[in-house]
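Order of the sequence lines fixes the chain letters, A, B, ..., with proteins taken first and strands second; residue numbering starts at 1 for each chain. These numbers were taken from a predicted model, which means no experiment stands behind them.
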Number of protein chains: 2
Amino acid sequence: MKTPKKERQRLLISLLDEDPFLTDEDIAAHFSVSVQTVRLDRLECRIPELRERLKSVASQHMQKTVKSLQAEEIFGEIIDVELDDKALSIFDVTSDHVFMRNGIARGHHLFAQANSLAVAVLDDDLALTVRSTLHFAKPVRAGDRVIARAVVRQETLKNKSTVVDVISKVENETVFSGEFLMYRTTKKGR
Amino acid sequence: MKTPKKERQRLLISLLDEDPFLTDEDIAAHFSVSVQTVRLDRLECRIPELRERLKSVASQHMQKTVKSLQAEEIFGEIIDVELDDKALSIFDVTSDHVFMRNGIARGHHLFAQANSLAVAVLDDDLALTVRSTLHFAKPVRAGDRVIARAVVRQETLKNKSTVVDVISKVENETVFSGEFLMYRTTKKGR
DNA sequence: CTTCAGATTAGCACTTGGTCATAACACTTA
DNA sequence: TAAGTGTTATGACCAAGTGCTAATCTGAAG
């Protein structure tokens, strides 16, 4: 008896966690026990067979793929746009967006929300950020809902540039503001 | 004959793309043909059987999971840091980072790389971006390797602020530059 | 109309990676 | 010695296939 049963089952769990692709035969070889023993172990630990394991891993993947296509978690969800005038977006901060050490949201998420919004409000084939100035006024934390408002400055500039001002608030308190100088190809038409 | 063979095979591909969990029997029912016909179609289109499909979906998932844990694709990889002095990071731009419409990288990725680097070079328990000014000098495209250099300005400021300058280049040409005013709690020691 | 090719369907043996039940050991412990 | 736990073996069966051969259907061309 190499490893006692209890220990072996503990190892079994972490083994399959790392590599769910192993057949019972593989596992049996790994622990130098019979295939039947592995089956019994799986039964006790309620670990499903190879195919079922792969099924669940695959379905997780499917769910994740759909989620990342929406990409809301990165940019914030744009909820209202009046082209060349103003726009609004919501971004829910989760633990994925914050520094572990202090629980404060990483700046680039706020920037991403604001910048995406500035691009969206212009809706040009080629709207690019040329220059911008940012103020991170107040730390944002997981659980906060950040509402960003973009306003297009109506002054006409030489060359093809436009300025978009974005202000982001949490519970009506400004946490971030930015001025985005955007380059565009098309004149503002409508 | 409901749908001609060619058409059916086209549909088969997109059907399994949406839902790889269908057995031949399911598919046969969906197209009202025999199971054998489905097998022949799969053979011609080189579509593997259910179990193999799930295997590959699952392994994709595994790869993605590992990848996202590294998170290099978001921040760029920090390759050299001299604390409170300077730091360097590399960020490989892929098709995931660009606008579909024009193939140009979204600004917030460049910002994220620079901002993360500015935080890393200070390595403070609480280093936060307070203010920053950015210049997007030249569009960046998929395939470009962006190298960002952060330099800490050695002037001492009142209160606990420090300025970090970041310049990002692609093939030795500046594509982005930013000035980051960072707030910190600890004095620069050493 | 016949004939012929391509598409479809069917049947059977075999494969993988299992489940389930049942039985036979081995080893310790009361 | 008997009981109990852990391990191994055996055989029947299942799902979802592959591979191969053979039969049938169908539409168009000669």
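In this structure, B/Leu50 places its CG atom 10 Å from P of D/dT18, rounding to the nearest Å. With rounding to whole Å, B/Lys55 atom NZ is found 10 Å from C/dG18 atom P. A straight line from CZ of A/Arg8 to C1' of D/dT7 spans 8 Å, rounded to a whole angstrom. The CD-C1' distance, from B/Glu52 to D/dA15, rounds to 15 Å in whole Å. Regarding A/Glu7, its CD atom lies at a distance of 13 Å from the P atom of D/dT7, rounded to whole Å.
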Next item on the list: Starting from the C-alpha separation in whole Å, work towards a yes-or-no answer on side-chain contact (heavy atoms from CB on, under 4.5 Å) for B/Leu22 and B/Leu50.
Entry: CA-CA 7 Å; B/Leu22 300 170; B/Leu50 171 64; over 6 Å; no
Item checked: Verdict with supporting geometry, B/Phe176 and B/Lys138, side-chain contact (heavy atoms from CB on, under 4.5 Å) -> CA-CA 7 Å; B/Phe176 167 93; B/Lys138 203 168 165 292; over 6 Å; no
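In terms of modelled atom types and a separation under 3.5 Å, the side chain of A/Asp144 and the main chain of A/Val146 share no donor-acceptor contact. Formation of a donor-acceptor pair under 3.5 Å by the A/Arg141 side chain with backbone atoms of A/Ile104 is not found in this model. Under a 3.5 Å cut-off, the side chain of A/Arg106 and the backbone N or O of A/His97 do not form any donor-acceptor pair. Side chain of B/Arg145 to main chain of B/Asp92: no donor-acceptor pair is present (N/O by atom type, distance under 3.5 Å, no hydrogens or angles). Listed for the B/Ser116 side chain is a donor-acceptor partner under 3.5 Å among the backbone atoms of B/Ala112.
Checked against the 6.0 Å centroid criterion, the rings of B/His108 and A/His108 do not qualify as a close aromatic pair.
Here A/Arg53 does not reach the OP1 or OP2 of C/dG17: none of its side-chain N or O atoms lies under 4.0 Å away.
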I'd like a list of close polar pairs between nucleotides 25-30 of chain C and the protein, N/O only, cut-off under 3.5 Å.
none

Can you check nucleotides 13-16 of chain C for protein contacts, nitrogen or oxygen pairs under 3.5 Å, and list what you find?
{"unit_1": "C/dT16", "atom_1": "O2", "unit_2": "A/Arg51", "atom_2": "NH2", "d": "2.9"}

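To the nearest 0.5 Å, atom CG of residue A/Asp165 and atom NZ of residue A/Lys86 are 13.5 Å apart. A distance of 5.0 Å separates CD1 in B/Ile90 from CD1 in B/Ile147, rounded to the nearest 0.5 Å.
End-to-end axis angle of the helix from C/dC1-D/dG30 to C/dA30-D/dT1, from C1' rotation axes over five pairs per end: 20° (rounded to 10 degrees).
Inspection of the B/Ser14 and B/Asp17 side chains reveals no N or O donor paired with an N or O acceptor under 3.5 Å. Side-chain contact annotation: A/Ser132 with A/Thr129, donor-acceptor N/O pair under 3.5 Å absent. Counting only N and O atoms by type, the side chains of B/Gln113 and B/Ser89 include a donor and acceptor under 3.5 Å apart.
Salt-bridge check for A/Glu179 with A/Arg153: passed, with a basic side-chain N closer than 4.0 Å to an acidic carboxylate O. Between B/Glu49 and B/Arg39, no side-chain nitrogen of the basic residue sits less than 4.0 Å from a carboxylate oxygen of the acidic one, so the salt-bridge criterion is not met.
Less than 4.0 Å separates DNA chain D from at least one heavy atom of each of the following residues of residues 33-47 of chain B: B/Arg39, B/Arg42. For the segment residues 19-27 of chain B, residues with any heavy atom less than 4.0 angstrom from an atom of DNA chain D are, sorted by number, B/Thr23, B/Asp24.
With sequence neighbours excluded, the residues forming a side-chain contact (heavy atoms from CB on, under 4.5 Å) with A/Ala105 are A/Val93, A/Val98, A/Val140, listed by chain and number.
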